[in-house]
K.L.:
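Mind looking over this structure? Questions follow.
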Amino acid sequence: MTRRLTLTTLAQAISLPCLSRRTGKPCRSFITRQLLLDQAEDGIHLMGCLDPQGRVHRTAVRDVLSVQRRLVVHAEALGGAGRVWRELDALPSAPYALDATGSPYTFVSLGSRDAVELIGAWPSVNGDITAMLRPICGMLISAADPVVPPFRQIGHLWPHGDFARPSSSLVLSFARRPGVLFAAKYPLELAAKVIARNRTAWGERWEPDAPTEGNQNSAALMAGQYKPRPHVPLTAELLRDAAKSKPVEDIGDWWHDCALWHAAGFPRWSNGRNRSGVLVSNDDPGLRHLFETVDGVESSSLSVR
């Protein structure tokens, strides 16, 4: 393993899928403002992140595609014998290939304090389907779509580190919100597991269709009112510039008032019934289709405002 690890501090917190500290399998999601990056010959790889308590975790994504401009505010090269290196080396490696070549999905994250309340559904192995309204900032989107809307929602990052199926198919605009801050390739092997799980529950047509011309026009009109913030590649030059900046002084209390930490009490449905046992109404197709396990289901569109 090369010893060119860079501790990178972000201007805003993002959410990342992380691996178990015992098995190395995806098991949790964490909000973080500090990334551990390895500058290898073939590019910059995400090796892990630090949680709010400063503990090191390996991440389930490796290849960073882009970051929102001015997201990286400080970078510090770490030696090979420090506390962070020792914790990272002690963690198990992922028991799957991190290669994202050919993956149909991209992982993106909004800022944790700009999380959007969205409904997602999770199918269990015994056929039960649980849907819940949660604050979401981590998403899977189609790799064929840009990180600036419109893009297709493929999955919502849930606390267990995996992705629930969204109730809506498209994001057309984030309006006054900053939008996507961070984008990385999602490993092909994990993407295949998402596809297999969702096909078993909802059939072959569970994925949303590509944005229509009308969707594109609507997104363009919204972009004219709320200009999207540009993305830049995460490069060695960007990290060198960030290393010249002063260390961030508020890193000790940055997670306070984070929306993702206040998810208790949100609506929940199990097999089409809410907590009181009332069935989902036929007049609510945006939610009802999550409990239909037949082919040909069409998702609704979403404009986040």
Side-chain angles (χ1 to χ4, degrees), residues 7-18 28-36 46 48-55 57 59-61 64-75 106-120 132-141 147-149 151 153 155-161 163-164 166 168 171-184 222-223 225-232 234 242 245-267 302-305:
L7 178 62
T8 305
T9 304
L10 308 179
Q12 299 184 55
I14 61 174
S15 180
L16 291 173
C18 292
R28 294 190 66 179
S29 60
F30 284 101
I31 57 169
T32 182
R33 259 186 82 182
Q34 294 187 297
L35 309 180
L36 298 174
L46 177 61
C49 68
L50 272 60
D51 68 17
Q53 287 73 43
R55 294 171 299 193
H57 301 271
T59 54
V61 291
V64 182
L65 287 171
S66 64
V67 293
Q68 200 174 91
R69 186 173 293 174
R70 292 187 291 274
L71 178 65
V72 176
V73 293
H74 182 67
T106 297
F107 171 78
V108 301
S109 180
L110 314 179
S112 61
R113 294 184 181 181
D114 293 299
V116 184
E117 293 181 4
L118 299 172
I119 295 174
M132 185 180 296
L133 176 69
R134 297 190 57 89
I136 299 297
C137 63
M139 301 179 183
L140 281 187
I141 69 172
V147 297
V148 175
F151 56 65
Q153 292 189 90
H156 293 162
L157 179 61
W158 272 17
H160 55 41
F163 292 87
S168 303
V171 172
L172 298 181
S173 171
F174 287 103
R176 294 181 176 89
R177 298 176 184 266
V180 170
L181 301 184
F182 171 91
M222 295 177 189
Q225 294 180 296
Y226 310 105
K227 189 174 181 179
R229 302 185 185 186
H231 270 238
V232 296
L234 185 59
S245 302
K246 295 180 180 180
V248 179
E249 296 180 355
D250 68 343
I251 201 68
D253 59 1
W254 59 263
W255 64 87
H256 292 324
D257 299 323
C258 176
L260 293 186
W261 288 42
H262 303 282
F266 278 86
L302 168 70
S303 177
V304 180
R305 296 181 180 275

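Throughout, numbering of the chain's residues begins at 1 and tracks the sequence.
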K.L.:
Where is the tightest heavy-atom contact between Arg69 and Val232, given as atom of each residue plus distance?
P.N.:
NE-CG1, 3.8 Å
K.L.:
Tell me, please, which residues at least two apart from Arg55 pass salt bridge (charged side-chain N to carboxylate O under 4.0 Å, His left out).
P.N.:
Asp51
K.L.:
I'd like to check the ring-ring contact (aromatic ring centres under 6.0 Å, His included) partners of Phe182; sequence neighbours left out, ordered by chain and number.
P.N.:
none
K.L.:
On the 0 to 90° scale, with breaks at 30° and 60°, tag the Phe151-Phe174 ring pair as parallel, tilted or perpendicular.
P.N.:
tilted
K.L.:
Measuring from atom OG1 of Thr59 to atom CG of Leu35, what distance do you get when rounded to the nearest 0.5 angstrom?
P.N.:
8.5 Å
K.L.:
Taking side chain to side chain contact (heavy atoms under 4.5 Å, CB included) as the definition, give me every residue that meets it alongside Leu7, ordered by chain and number, with sequence neighbours left out.
P.N.:
Gln34, Leu36, Leu50, Glu76, Leu78
K.L.:
Tell me, please, which residues at least two apart from His57 pass ring-ring contact (aromatic ring centres under 6.0 Å, His included).
P.N.:
Phe30
K.L.:
Can you sort out the partners of Arg70 under side chain to side chain contact (heavy atoms under 4.5 Å, CB included), two or more places apart, ordered by chain and number?
P.N.:
none
K.L.:
Which residues pass the side-chain hydrogen bond (donor to acceptor under 3.5 Å, both in side chains) test with Ser66, sequence neighbours left out?
P.N.:
His231
K.L.:
Between Thr106 and Leu140, is the side-chain contact (heavy atoms from CB on, under 4.5 Å) condition met? List the steps.
P.N.:
CA-CA 6 Å; Thr106 297; Leu140 281 187; over 6 Å; no
K.L.:
So, taking the atom named CG in Leu16 and the one named SG in Cys49, what distance separates them when rounded to the nearest 0.5 Å?
P.N.:
5.0 Å
K.L.:
Work out which heavy atom in Ala164 is nearest to a heavy atom in Trp158; give both atom names and the distance.
P.N.:
CB-CE2, 3.4 Å
K.L.:
Less than 4.5 Å apart, side chain to side chain, heavy atoms only: is that true for Met139 and Gln153?
P.N.:
yes
K.L.:
Between His74 (side chain only) and Ser245 (backbone N and O only), is there a donor and an acceptor less than 3.5 Å apart?
P.N.:
yes
K.L.:
Under the side chain to side chain contact (heavy atoms under 4.5 Å, CB included) test, which residues partner Val73, sequence neighbours left out?
P.N.:
Thr9, Ala11, Val248
K.L.:
For Ile136 and His156, which heavy atoms make the closest approach, and how far apart are they?
P.N.:
CD1-CB, 3.8 Å
K.L.:
So which atom in Ser15 and which in Cys137 form the shortest heavy-atom distance, rounded to 0.1 Å?
P.N.:
CB-SG, 3.3 Å
K.L.:
Does Gln68 reach the main-chain N or O of Val180 with its side chain, forming a donor-acceptor pair under 3.5 Å?
P.N.:
yes
K.L.:
Measure the CG-CZ distance between Leu71 and Arg33 for me, rounded to the nearest 0.5 Å.
P.N.:
9.5 Å
K.L.:
Test Leu10 against Val72 for side-chain contact (heavy atoms from CB on, under 4.5 Å), laying out the working first.
P.N.:
CA-CA 5 Å; Leu10 308 179; Val72 176; 4.0 Å; yes
K.L.:
Judged by atom type as modelled, is there a donor-acceptor pair below 3.5 Å linking the side chain of Glu117 to the main-chain atoms of Phe266?
P.N.:
no
K.L.:
For Ala13 versus Leu181, what's the shortest heavy-atom pair and its separation?
P.N.:
O-CD1, 4.3 Å
K.L.:
Taking all heavy atoms of Val171 and all of Pro149, pick out the closest pair and write down the distance.
P.N.:
O-CB, 3.4 Å
K.L.:
Counting only N and O atoms by type, is there a donor-acceptor contact under 3.5 Å from the side chain of Thr8 to the main-chain atoms of Ala75?
P.N.:
no
K.L.:
Quick one, Gln225 and Ser173 - any side-chain contact, counting heavy atoms below 4.5 Å?
P.N.:
no
